[in-house]
Novice: 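Sharing a structure, written as structure tokens. Questions coming.
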Amino acid sequence: IGVIGPLTGAAATYGVSAEKGAKLAAKDFSTKDLKLSLKSEDDVADGEKAINAFNTLCDWGMQALVGPVTTGAAVAVSGEIADDMLMVTPSASSLDVTMDKTTVFQVCFTDPTMGASAAKFLAEKYADAKIALFYNSGDTYSSGVADAFAEQAKASKLDIVDTETFKDDSSTSFTNQLTKAKEAGATLIFAPIYYTPASVLLKNAKDMGYEMTLMGTDGMDGLLSVEGFDTSLAEGVLLMTPFSADDEKNADFVKAYKDAYNETPNQFAADAYDCIHAIVEAIDEADIDITVDGADIAGDLAKAMRKIKIEGLTGELTWNDEGQVEKPATAYVIQDGKYIAA
């Protein structure tokens, strides 16, 4: 099994966590009859480098792929695969990743599912909130979640009082956007952004005396581990994410992960663990000869993926005809440095 993700660079937290989760799963799911061997390649969250990594792994003898971890890289590789390799990505959430592909699958929610689920959660729990929508207009993930959120927010009659955008080159300060949101009377900001800009946003809000509730999605997982970030600023932050290391049902995995790596696993580690779990179940379901080339078993494994159901770390997982995962959406609130069910 090959693993592709950013092991260096700005998005390294995602790739390194996924690699560690996959390694732990390979150890847990290996048997005498099915020995799982992993090889990882760094794509620095870049599409061209991801394709090079894919070709390197094919030369190594890869029969199935976990990754790529980020959306742009996953779209590039899924286009290269041409249905000749089983690919299961832990966290690349765009619809484009699996569109018109028969052997490509997602363990993460799609962007539209995430955005719609967040809006439905707010309609149920924060119906009276005045909401500002923040997103990165230059990022596929952020924009995709935001678009779906806005559509469902309208249907759910949420009160969106302000919409603010930014791009990567302006993510070092959100004072201007926060000022507009505050003037609009926003009491809650929904921001499908990554954890590093989220830490900046929270510090900016604190510095300007703006008290509001911040809600993010799975890309914000990792907020508490940002170097130099005052984690007290994250108190009360809401997250739509499928995994909590503080949930008792995940205790065995969390302990094993801490024992192996001396750190707490995040959602990306759990998703990658579920990727390996799914591949193993698909191998069993397909009843294939595992000594043959990946291209020869890709079709059978893909058919099996659409039949299996696994009790994963991130929920009960099944897959539809489009390769998209179907599992429960969950929301957490950060309290005293822990993820508590919201």
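Basis for what follows: all heavy atoms, side chains included, without hydrogens, waters or symmetry-related copies.
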Novice: Do we see a donor-acceptor contact under 3.5 Å between the side chains of E19 and S40?
Specialist: yes
Novice: Does the side chain of T31 pick up a donor-acceptor pair with the side chain of D33 at under 3.5 Å?
Specialist: no
Novice: Answer with yes or no whether the side chains of Y141 and T217 bring together a donor and an acceptor at under 3.5 Å.
Specialist: yes
Novice: With sequence neighbours excluded, give me every side-chain hydrogen bond (donor to acceptor under 3.5 Å, both in side chains) pair touching residues 144-155.
Specialist: Q152-S156
Novice: Keeping T71 on the side-chain end and S93 on the backbone end, is there a donor-acceptor pair under 3.5 Å?
Specialist: yes
Novice: Which ILVMFWY residues can you reach from V44 by hopping between side chains whose heavy atoms are under 4.5 Å apart?
Specialist: none
Novice: Are any of the side-chain nitrogens in K327 or D271 under 4.0 Å away from the carboxylate oxygens of its partner?
Specialist: yes
Novice: Of all residues at least two apart in sequence or in a different chain, which pass the side chain to side chain contact (heavy atoms under 4.5 Å, CB included) check with K338?
Specialist: D246, I340
Novice: Verify the ring-centre separation between F149 and Y135: is it less than 6.0 angstrom?
Specialist: no
Novice: Spell out, as yes or no, whether a donor-acceptor pair under 3.5 Å connects the side chain of Q267 to the backbone of P242.
Specialist: no
Novice: Give a yes or no on whether the backbone of S244 and the side-chain of N250 come within a donor-acceptor separation of less than 3.5 Å.
Specialist: yes
Novice: Looking only at the aromatic ring of each residue, does the gap between the centers of F243 and Y332 stay below 6.0 angstrom?
Specialist: no
Novice: With a 3.5 Å cut-off and no angle check, do the side chains of T13 and Y195 form a donor-acceptor pair?
Specialist: yes
Novice: Run the ring-centre check on F190 versus F121 and record whether the distance is less than 6.0 Å.
Specialist: no
